[in-house]
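Accompanying notes for the structure given below.
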Amino acid sequence: MDDVIIIGGSFAGLAGALQLGRARRKVTVLDTGLPRNRFAGHSHGLLGHDHKPPLDILAEARRQLARYPAIKLVSARADSVSGAIDDFNVLTSDGESLRARRVILSYGVADQMPDVPGYAESWGTSIVPCPYCDGFEVAGQHWGLVWSSPQSHNQVRLFHDWTDKLTLFADGHDIPPDIQADLARRNIPVVDGRIVEIAHHKGHIATVNLDTGRKVAVDILFANPRNKPSASLHESLGLATVATPVGITLKVDERRQTSMPGIYAAGDLTTPFLPSVTQASSQGAMAGIFAQQSMLV
């Protein structure tokens with residue numbers, strides 16, 4: 001029996017495995033090799049790894065974990081989790097049955113691309129969700145923001161640290177009158193109509209095309225499409241979730257434990273706003289530490 005099985009081997013999962021391996025706890029990491037930020041050319045804001053391709057960072061992390069004999073990395077999907085604290089059973093896509101005292105869920109989320117031509121092709125290149133991840137490289141340029149919820153109003157204020165050139169796309173949403181008044185006071189133009197196409201060249205935006213016939217040129221477009229967990233294990237386990245404007249996240253306590261004793265969670269699966277590799281790595285490390293401490297005798 002393992003001490004911990006980690007489901008999801010991106011930044012959160014590998015950070016948890018590192019802490020557990022250094023504590024000489026036996027851990028197996030199951031991963032399908034599809035990290036959320038695989039579409040991004042570079043990862044930003046991660047201390048010591050700023051402006052490196054995310055897949056390169058993960059590859060180096062896996063090489064470093066190889067020096068810990070207690071860590072096993074397995075390329076497989078977890079199909080089910082059953083059991084209870086101190087005796088969980090995980091069935092993999094290879095038909096293997098694994099047992100562990102604790103489980104860490106770090107399988108992340110998958111972004112749901114709208115059915116707009118050019119959107120998916122530009123995702124991670126010139127359509128991005130997070131100013132902390134990509135804002136510095138395009139500071140001072142003309143930014144676009146797709147309205148998704150009242151939280152978009154906070155982003156308008158946030159973006160001011162990077163640029164004074166911002167256009168807000170309503171994209172068919174009704175923006176409350178008080179927010180419209182504030183946007184007018186800030187001289188933020190609001191473009192009505194639904195986005196029907198992203199005209200681009202190899203992922204780099206040329207114009208945002210609207211159903212009104214209008215075409216608006218921007219240098220970068222910030223958007224927060226809906227997302228959903230990359231697996232449904234939390235549903236079969238009946239874990240508590242939290243609703244957000246773009247999807248759901250798993251509810252965890254201050255020790256990163258979910259509503260089921262012995263199951264912990266970390267990374268984008270638990271992050272409702274502005275997820276990043278820094279947050280995911282920190283949460284994964286803490287989940288590993290708290291899982292280890294919960295097994296002390």
Side-chain angles (χ1 to χ4, degrees), residues 1-21 23 25-32 34-36 71 74 76-93 97-111 226-297:
M1 178 183 285
D2 284 338
D3 289 307
V4 181
I5 292 174
I6 299 176
I7 302 175
S10 188
F11 290 92
L14 296 184
L18 177 60
Q19 300 302 320
L20 288 159
R25 290 287 185 171
K26 187 179 179 184
V27 54
T28 294
V29 181
L30 301 176
D31 185 52
T32 58
L34 297 173
R36 184 186 188 186
I71 299 175
V74 178
R77 183 182 68 248
D79 282 346
S80 68
V81 179
S82 58
I85 189 169
D86 286 322
D87 191 11
F88 289 106
N89 184 274
V90 177
L91 182 65
T92 76
S93 55
S97 181
L98 307 175
R99 294 174 62 208
R101 297 180 61 193
R102 303 289 187 271
V103 172
I104 296 176
L105 303 179
S106 52
Y107 47 77
V109 302
D111 296 296
R226 292 192 64 80
N227 59 60
K228 65 178 183 179
S230 295
S232 58
L233 300 175
H234 58 284
E235 295 178 358
S236 58
L237 289 166
L239 302 183
T241 60
V242 178
T244 80
V246 295
I248 66 164
T249 61
L250 296 193
K251 185 176 183 179
V252 295
D253 63 17
E254 66 279 359
R255 298 178 69 84
R256 314 241 30 109
Q257 187 168 229
T258 68
S259 57
M260 177 175 286
I263 296 185
Y264 297 76
D268 291 358
L269 193 58
T270 65
T271 306
F273 183 58
L274 291 177
S276 69
V277 293
T278 297
Q279 282 201 78
S281 300
S282 172
Q283 293 171 4
M286 297 313 296
I289 289 171
F290 288 134
Q292 178 244 345
Q293 290 183 358
S294 75
M295 294 182 285
L296 299 178
V297 295

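Along the sequence shown, residues are numbered consecutively beginning with 1. Every value quoted in this text rests on a predicted model; they were computed, and no experiment measured them.
- Lys228 NZ to Leu269 CG: the interatomic distance, rounded to the nearest 0.5 Å, is 13.5 Å.
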List, one per line, each side-chain donor-acceptor pair under 3.5 Å for residues 241-252, sequence neighbours excluded.
residue : atom : partner : partner atom : Å
Thr244  : OG1  : Val246  : N            : 3.2
Thr244  : OG1  : Gly247  : N            : 3.1
Thr244  : OG1  : Gly247  : O            : 3.0

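- Between Phe11 and Ala280, the closest heavy-atom pair is CB-CB, 4.2 Å.
- Here salt bridge (charged side-chain N to carboxylate O under 4.0 Å, His left out) pairs that include residues 261-284, with residues two or more places apart or in two chains, are Arg36-Asp268.
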Exercise for the section: Any chance you could lay out the salt bridge (Lys or Arg N to Asp or Glu O under 4.0 Å) test for Asp86 and Arg102, step after step, and finish with the verdict? Expected result: CA-CA 6 Å; Asp86 286 322; Arg102 303 289 187 271; 2.8 Å; yes

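- The two residues Ala100 and Ile5 come nearest to each other via the heavy atoms CB-CG1, 3.5 Å.
- Interatomic distance, CG of Leu34 versus OH of Tyr107, reported as 15.5 Å (0.5 Å rounding).
- We find the CD1-OG1 distance between Ile7 and Thr32 to be 11.5 Å, quoted to the nearest 0.5 Å.
- With no hydrogens or angles considered, a side-chain donor-acceptor pair links Ser97 and Asn89 at under 3.5 Å.
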Would you give me the side-chain donor-acceptor pairs under 3.5 Å for residues 282-291, sequence neighbours excluded?
residue : atom : partner : partner atom : Å
Gln283  : OE1  : Gly267  : N            : 2.9
Gln283  : OE1  : Thr270  : OG1          : 3.2
Gln283  : OE1  : Thr271  : OG1          : 3.3
Gln283  : NE2  : Thr271  : OG1          : 3.3

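- Note that the OH atom of Tyr264 and the OG1 atom of Thr258 stand 9.0 Å from one another [nearest 0.5 Å].
- Contacts of Arg99 classified as salt bridge (Lys or Arg N to Asp or Glu O under 4.0 Å), with partners at least two apart in sequence or in another chain: Asp87.
- Between the Ser93 side chain and the Ala76 main chain, no donor and acceptor come within less than 3.5 Å of each other.
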Exercise for the section: Would you sort out whether Ile104 and Val27 count as a side-chain contact (heavy atoms from CB on, under 4.5 Å), showing the intermediate values? Expected result: CA-CA 10 Å; Ile104 296 176; Val27 54; over 6 Å; no

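- Minimum interatomic distance between Ser106 and Gly8 (heavy atoms only, all atoms of both residues): OG-O, 2.8 Å.
- Residues meeting the salt bridge (Lys or Arg N to Asp or Glu O under 4.0 Å) test with Arg226, sequence neighbours left out: none.
- Considering CG of Leu239 and CD1 of Ile263, their distance stands at 5.5 Å, rounded to 0.5 Å.
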Exercise for the section: Under the side-chain contact (heavy atoms from CB on, under 4.5 Å) rule, what do Ile6 and Leu20 come out as? Steps first, then yes or no, please. Expected result: CA-CA 10 Å; Ile6 299 176; Leu20 288 159; 4.1 Å; yes

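- Counting heavy atoms from C-beta on, the side chains of Thr28 and Leu98 come closer than 4.5 Å.
- Pairs of residues two or more places apart, or lying in two chains, that qualify as salt bridge (charged side-chain N to carboxylate O under 4.0 Å, His left out) and include a residue from residues 2-12 are Asp2-Lys26, Asp3-Arg25.
- Closest approach of Val4 and Met295 over heavy atoms only: CG2-CE, 3.8 Å.
- Contact record, Leu233 with Ala78: CD2-O, 3.8 Å, taken as the closest heavy-atom pair.
- For Ser259 against Gly238, the heavy-atom pair with the smallest separation is OG-O, 4.2 Å.
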